[in-house]
Protein chains: 2
Amino acid sequence: MTAPFAAYLREHSLPVTAQRLAIAEVLLSSDRHLSAEEISRDLESRSIRAATATVYRTLDLLVTSGLVVERDFGEGFRRFEPARDIPQHEHLICASCGVVREFRDERLDRMTTLIAESNGFTRQGHRLEIRGLCADCLAHGAGERAR
Amino acid sequence: MTAPFAAYLREHSLPVTAQRLAIAEVLLSSDRHLSAEEISRDLESRSIRAATATVYRTLDLLVTSGLVVERDFGEGFRRFEPARDIPQHEHLICASCGVVREFRDERLDRMTTLIAESNGFTRQGHRLEIRGLCADCLAHGAGERAR
DNA sequence: ATTACTGCAAACAATTTGCAGCGAA
DNA sequence: TTCGCTGCAAATTGTTTGCAGTAAT
């Protein structure tokens, strides 16, 4: 899981350290959108120690390497997810429990390009978030991780 | 411009103070998406003094009153815009100069509702942002207010 | 008179930075 | 060895909160 990151580091003659690999491992093997704090906690639970600053510095590296993408769901902090192979996708966020579901819709690229053009802009990218209630939260009562 | 806010305050038996009116005036008469700091600076330039805390506390009031909406463009701080009468609109943001242009597209409501449903979610709302270069920045060289 | 507001400064949370010491290459 | 990394703590930034004093009702 961490091989591509190690490769990236070597290619750029940057030290391949235990902390960097551990952080990459946690994030790259996860299928969730993790915050810096969640990564720190995960490392702690695995009895791997890495200072907060190191986590942030490594996240920078992972983002510039292209292996990880940064997300901002307006929570007041950032989240990170493995880039995987999905070229562009959108997020469905449960307003109650916070679960994030990804989806892809081809129409959006075309649509946003047209909208941009009709406003005199040249499109570079877009971001769509849908908020709502997931099936679970709808079935059971109020959720927990609300915001 | 500040009349509806004064009305709101009176209806809720809350003091109508000079600071509150000044902050509402700055924001409600603006057609931009202002940050708390920009509002503070604007007040300063008009020689009106209001502490940062007061600006934030008044912004809370304006948002709960429904006269102002809060936005998060992932800049690390929030922006506020008068609610006006536009029920729902999206943002086109210039990646170079930061200018924000609003647009509306009816299809999005339907489209996002369907997408949510096909993923087992009940749609509550959505947010679409398109990033690109505005006509000006495209014509002239590199912009200034990049991020 | 009440009650809520205001400014100020301290408190906070997420993130960044400076620096001495440690560890890859 | 030589850089660059790491931990730690201090610094930053956007925002919130506690409190004594002040102003709106």
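Values below: every heavy atom of this structure, side chains too, minus hydrogens, waters and symmetry copies. Chain A is the first sequence line, chain B the second, and so forth, proteins listed ahead of strands; every chain is numbered from 1.
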Considering residues at least two apart in sequence or located in another chain, which fulfil the side-chain contact (heavy atoms from CB on, under 4.5 Å) criterion with T52(A)? Y56(A)
Specify the separation, in whole Å, of atom NE2 of H12(A) and atom C1' of dA25(C). 16 Å
CG of L59(B) versus C1' of dT15(D): gap in Å, rounded? 11 Å
Sequence neighbours left out, what passes salt bridge (charged side-chain N to carboxylate O under 4.0 Å, His left out) with E106(A)? Give chain and number order. R104(A)
So, using side chain to side chain donor-acceptor pair (under 3.5 Å) as the criterion, who are the partners of D72(B) when residues are at least two apart? none
Rounded to whole angstroms, how far apart are CG on D72(B) and P on dG14(D)? 13 Å
Residues passing the side chain to side chain donor-acceptor pair (under 3.5 Å) test with E44(A), sequence neighbours excluded, are none
Residue-phosphate contact under 4.0 Å: Q19(B) side-chain N/O, dG7(C) OP1/OP2: yes
With distance as the sole criterion, is a donor-acceptor pair present between the side chains of T58(B) and R20(B) under 3.5 Å? no
Given atom CZ of R49(A) and atom C1' of dC5(D), what is their separation to the nearest angstrom? 15 Å
Round to the nearest Å and state the distance from D60(B) atom CG to dC5(C) atom P. 12 Å
Listed partners of Y8(B) passing ring-ring contact (aromatic ring centres under 6.0 Å, His included), at least two apart: H12(B)
Spell out protein contact along nucleotides 20-25 of chain D as letters: B when the base is contacted, S when just the sugar-phosphate is, - when no protein heavy atom is under 4.0 Å; keep the 5' to 3' order. ----SS
side-chain contact (heavy atoms from CB on, under 4.5 Å) filter on V100(B), not counting sequence neighbours, yields H33(B), F73(B), H91(B), I93(B)
Please identify each residue that fulfils ring-ring contact (aromatic ring centres under 6.0 Å, His included) with H126(A), with sequence neighbours left out. none
Please tabulate the protein-to-nucleotide N/O contacts below 3.5 Å involving nucleotides 13-15 of chain C, giving atom names and distances.
unit_1  : atom_1 : unit_2 : atom_2 : d
dT15(C) : OP1    : R78(A) : N      : 2.8
dT15(C) : OP1    : R78(A) : NE     : 3.3
dT15(C) : OP2    : Y56(A) : OH     : 2.3
dT15(C) : O5'    : Y56(A) : OH     : 3.1
dT15(C) : O3'    : R78(A) : NH2    : 3.4

F5(A) CZ to dC5(D) C1': how many Å, rounded? 12 Å
The side chain to side chain donor-acceptor pair (under 3.5 Å) partners of R71(B) (sequence neighbours excluded) come to E81(B), H89(B)
Starting at CD of E75(A) and ending at C1' of dG14(D), how long is that distance when rounded to a whole Å? 17 Å
Quick one: list whatever passes side chain to side chain donor-acceptor pair (under 3.5 Å) with R107(A), sequence neighbours left out. D105(A)
Taking S30(A) for the side chain and V26(A) for the main chain, is one N or O donor matched with an acceptor at less than 3.5 Å? no
Whole angstroms only, please: what is the CG-C1' distance between L62(A) and dC5(D)? 15 Å
Give me the distances for all protein-to-nucleotides 18-20 of chain C N/O pairs that come in under 3.5 Å?
unit_1  : atom_1 : unit_2 : atom_2 : d
dG18(C) : O6     : R57(A) : NH1    : 3.4

